[in-house]
**Student:** 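The following block contains the structure, expressed as structure tokens.
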Amino acid sequence: MSCRILEKLPRSFYARDAISVAKDLLGKFIVHRFHGVGYCGKIVETEAYLGPHDRASHSARGMTARNAAMFGPTGHAYVYLIYGVHCCFNIVTGKQGDGAAVLIRAIEPIAGTYGKTNGPGLLARAMNITRALNGHDLFGDTFYIAQSPRKEKIVIVRRRRIGVDYAGAWARRLLRFYVKD
DNA sequence: TGCACGATGAAC
DNA sequence: TTCATCGTGCAC
């Protein structure tokens, strides 16, 4: 499959503010190899979670056993369980200790995926991303983010984040990004 | 030790 | 539109 030749994103890509990373991740590829199967998907929707000051963020209430990975080194994965059922895949951004991350909400299936991919829980399942990958460095050979193989023009749409109404003013900020259509 | 809640998904 | 479902975090 063509995913093998894709170039990994440099670590400096993630060492920026979550908003920039969330926008720039659109169109990039997630590659995951597991039990001999290669999963590959194009990122089409993300959300930025800025850090402890962002009330909608998991890091808003300080570091706990669950969200420790979110305060870890940039470019690592933060995978958590929501509603006791679904896994959600995030990428740590900024500097270590920032508690900032970008949630991957939807992908476009390229290879190896099964089922739907248009939701945080669904895409994790489709790509076999589990909590075993929590804290995983995204620069290994089995799980990483890669450049888009060809330069394509994408139209980015900004919207409010989903399911964070409890976060007050933070819930209204336009921190969700997706590719038009 | 108990309980309320949620960055959801699937059924109806 | 409604509900199942259960790991977390926090109250007691």
**Student:** Of all the heavy-atom pairs spanning A:N134 and A:A69, show the shortest one and how long it is.
**Tutor:** OD1-CB, 3.3 Å

**Student:** Hey, does A:R173 have a side-chain heavy atom less than 4.5 Å from the side chain of A:I19?
**Tutor:**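 Yes, close enough: below the 4.5 Å cut-off.
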
**Student:** Looking at A:R16, I want to see if its CZ is surrounded by more than 12 non-hydrogen atoms of other residues, nucleotides or ligands under 6.0 Å.
**Tutor:** yes

**Student:** Under the side chain to side chain contact (heavy atoms under 4.5 Å, CB included) test against A:I30, which residue among A:I104, A:I110, A:L138, A:T113 passes?
**Tutor:** A:I104

**Student:** Quick one: is C:dC3 close enough that its OP1 or OP2 comes under 4.0 Å of any side-chain N or O from A:Y83?
**Tutor:**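 No, outside the criterion.
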
**Student:** Nearest whole Å is fine: how far is B:dA7 P from A:F177 CZ?
**Tutor:**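 Roughly 19 Å, once rounded to whole Å.
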
**Student:** How does DNA chain B look in dot-bracket form if you count Watson-Crick and G-U pairs under 3.5 Å, write [ ] for pairs that cross, and put | where a base pairs with another strand?
**Tutor:** ||||||.||||.

**Student:** Within the side chain of A:R61, is there an N or O that forms a donor-acceptor pair under 3.5 Å with the backbone of A:R55?
**Tutor:**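 Here the side-chain-to-backbone pair does not exist.
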
**Student:** Are A:N128 and A:Y39 close enough that a side-chain donor and a side-chain acceptor fall under 3.5 Å?
**Tutor:**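 Result is yes, a qualifying pair exists.
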
**Student:** Given that A:V85 and A:R131 both sit by DNA chain C, which one's nearest nucleotide is further toward the 5' end?
**Tutor:**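 It is A:V85 whose nearest nucleotide is closer to the 5' end.
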
**Student:** A:L103 CG to B:dG6 C1': how many Å, rounded?
**Tutor:**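 From A:L103 CG to B:dG6 C1': 14 Å.
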
**Student:** Restricting to non-hydrogen atoms, name the atom on A:A106 and the atom on A:L123 that form the minimum distance, rounded to 0.1 Å.
**Tutor:** N-CD2, 3.5 Å

**Student:** If you compare all heavy atoms of A:V79 against all heavy atoms of A:C87, which two are closest, and at what distance to 0.1 Å?
**Tutor:** CG1-CB, 4.1 Å

**Student:** Test side-chain contact (heavy atoms from CB on, under 4.5 Å) on A:R176 and A:E45 and set out the steps.
**Tutor:** CA-CA 7 Å; A:R176 177 161 63 102; A:E45 185 173 353; 2.8 Å; yes

**Student:** Produce the list of close N/O pairs, under 3.5 Å, pairing protein atoms with atoms of nucleotides 9-12 of chain B; give distances to one decimal.
**Tutor:**
from	atom 1	to	atom 2	distance (Å)
B:dG9	OP1	A:P120	N	3.3
B:dG9	OP1	A:G121	N	2.7
B:dG9	OP1	A:L122	N	3.1
B:dG9	O4'	A:H86	NE2	3.2
B:dA10	OP1	A:R125	NH2	3.2

**Student:** May I ask you to check whether A:Y49 and A:H58 place their ring centers less than 6.0 Å from one another?
**Tutor:**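 Centroid distance A:Y49-A:H58: not below 6.0 Å, so no.
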
**Student:** A:L81 near the nucleic acid: base, sugar-phosphate alone, or nothing, with a heavy-atom cut-off under 4.0 Å?
**Tutor:** sugar-phosphate

**Student:** Decide whether A:L175 and A:Y78 are clustered together by the hydrophobic rule: side chain heavy atoms of Ile, Leu, Val, Met, Phe, Trp, Tyr closer than 4.5 Å, transitively.
**Tutor:** no

**Student:** According to the 5.5 Å centroid and 30° plane-angle thresholds, does A:Y49 stack upon the nucleobase of B:dA7?
**Tutor:** yes

**Student:** Measure CZ/A:R161 against C1'/B:dT8 and give the value in whole Å, please.
**Tutor:**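 Nearest whole value for this atom pair: 17 Å.
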
**Student:** Taking OP1 and OP2 of B:dA7, is either one under 4.0 Å from a side-chain nitrogen or oxygen of A:R159?
**Tutor:** no

**Student:** Of the residues in residues 54-78 of chain A, which ones touch DNA chain B at a heavy-atom distance under 4.0 Å?
**Tutor:**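 Result for residues 54-78 of chain A: A:A56, A:H58, A:M70, sorted by number.
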
**Student:** Using whole Å, what does the distance between atom P of nucleotide B:dA7 and atom OH of A:Y80 come to?
**Tutor:** 7 Å

